[in-house]
Amino acid sequence: MLSNDLTLRELGEASINLAKQNVLNGGGPFGAIIVRNGEIVAEGANSVTLNNDPTAHAEVVAIREACTVLNTFQLDDCILITSCEPCPMCLGASYWARLKAVYYIATKSDAAAAGFDDSFIYEELGVPHSERTIPFIRLEMSDYNAPFETWAEFGDKRLY
């Protein structure tokens, strides 16, 4: 149980309701909630088609909002409750945000059965760059490492 009497089950139901309402509003069937110290900090719903933004998945929207509200880029004292198991992008965003835990309701198999199959992305990770569905081609540049050298030399950087 969380400190303000919201249980994980109640938060899970809230993320499902957020996802269902989002469908009725023209968005995708995904909802996410960020909680810190038992309090809801942010919510997100899938707005990929509404905003013409392929990165506007519920988890990413919620993470962005939580970071804005809390004025930080790390959410290490927060948990994410999402209506569905995160896709590879949202999985990565969860790690970059350093969330304390991720709770999900539906599985990626459930999402695939509804037409949201991201298994090909997981598979693409193991394919050589040149053989991927979208080829990844490295440009050979003499100053390829300049941004990292600048970063290493810059004294007032904020580590993340």
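Please read all numbers here as calculations on a predicted model, not as lab measurements.
Evaluation of the side-chain hydrogen bond (donor to acceptor under 3.5 Å, both in side chains) test over residues 144-160, restricted to residues two or more places apart or in two chains, returns none. Sequence neighbours left out, the pairs with a member in residues 116-140 that pass salt bridge (Lys or Arg N to Asp or Glu O under 4.0 Å) are Arg138-Glu140.
Nearest heavy-atom pair, Ile105 versus Ser83, reported as atom, atom and distance to 0.1 Å: CB-O, 3.4 Å. Looking at every heavy atom in both residues, Ala66 comes nearest to Ala42 through N-CB, 3.4 Å. Across all non-hydrogen atoms, the minimal contact from Pro86 to Tyr104 is CD-CB, 4.3 Å. When all heavy atoms of Gly44 and Ala62 are compared, the pair lying nearest together is N-CB, 3.7 Å.
Under a 4.5 Å side-chain heavy-atom cut-off, the cluster of Ile, Leu, Val, Met, Phe, Trp and Tyr residues that includes Met141 is completed by Leu139.
Rounding to the nearest 0.5 Å places OG1 of Thr72 at 8.0 Å from CG of Asp77. Separating the OG atom in Ser94 from the CD atom in Glu59 is a distance of 6.5 Å, to the nearest 0.5 Å. Atoms NE2 and CZ, on His129 and Phe136 in that order, are 7.0 Å from each other to the nearest 0.5 Å. We find the CG-CG distance between Leu11 and Leu18 to be 11.5 Å, quoted to the nearest 0.5 Å. Atoms CD and OG, from Glu43 and Ser15 in turn, are 9.5 Å apart once rounded to the nearest 0.5 Å. The CZ atom of Phe30 sits 12.5 Å away from the OG atom of Ser47 when rounded to the nearest 0.5 Å.
Under the 4.5 Å side-chain heavy-atom criterion for Ile, Leu, Val, Met, Phe, Trp and Tyr, Ile33 and Leu8 are members of the same hydrophobic cluster. By the criterion of side-chain heavy atoms lying less than 4.5 angstrom apart, applied directly or through intervening Ile, Leu, Val, Met, Phe, Trp or Tyr residues, Leu159 is grouped together with Phe73 in one hydrophobic cluster. Residue Val41 is grouped with residue Leu99 when hydrophobic side chains (ILVMFWY) are merged at heavy-atom distances under 4.5 angstrom, including chains of intermediate members.
Checking side-chain atoms of Thr7 against main-chain N and O of Glu10 turns up a donor-acceptor pair under 3.5 Å. No side-chain donor-acceptor contact under 3.5 Å links Asn51 to the backbone of Asp53. Side-chain atoms of Asn46 come within 3.5 Å of backbone atoms of Val48 as a donor-acceptor pair (strictly under, hydrogens ignored). Put simply, the side chain of Asn22 gets close to the backbone of Gly28: a donor and an acceptor are under 3.5 Å apart.
Between Leu75 and Cys67, some side-chain heavy-atom pair lies under the 4.5 Å cut-off. Inter-residue side-chain proximity for Thr55 and Arg64 is flagged as met; some heavy-atom pair is nearer than 4.5 Å. Taking the side chain as every heavy atom from C-beta outward, Tyr103 and Thr82 never approach each other to under 4.5 Å. Taking the side chain as every heavy atom from C-beta outward, Ile63 and Val61 never approach each other to under 4.5 Å. Side-chain contact between Tyr122 and Pro88 is present, with heavy atoms from C-beta onward closer than 4.5 Å. You'll find the side chain of Ile34 stays beyond 4.5 Å of the side chain of Ile40, heavy atoms only. For the pair Asp76 and Lys100, the minimum side-chain heavy-atom distance is 4.5 Å or more. Looking only at side-chain heavy atoms (C-beta outward), Met89 and His57 come within less than 4.5 Å of each other.
In this structure, Lys108 fails the cation-pi test against Phe116, since its NZ or CZ atom is not both closer than 6.0 Å to the six-membered ring centre and inside 45 degrees of the ring normal.
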With side chain to side chain contact (heavy atoms under 4.5 Å, CB included) as the test, would you mind laying out the steps for Val35 and Ile81 before giving the verdict? CA-CA 8 Å; Val35 176; Ile81 299 94; 3.7 Å; yes
Please determine whether side chain to side chain contact (heavy atoms under 4.5 Å, CB included) holds for the pair Val60 and Cys90, giving the CA-CA distance in whole Å, both sets of side-chain angles, and the decisive distance to 0.1 Å.
CA-CA 6 Å; Val60 172; Cys90 296; 3.9 Å; yes
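Around the CZ atom of Arg9, the shell of radius 6.0 Å holds no more than 12 heavy atoms that belong to other residues, nucleotides or ligands. Environment of CG in Leu24: crowded, with over 12 heavy atoms of neighbouring residues, nucleotides or ligands closer than 6.0 Å.
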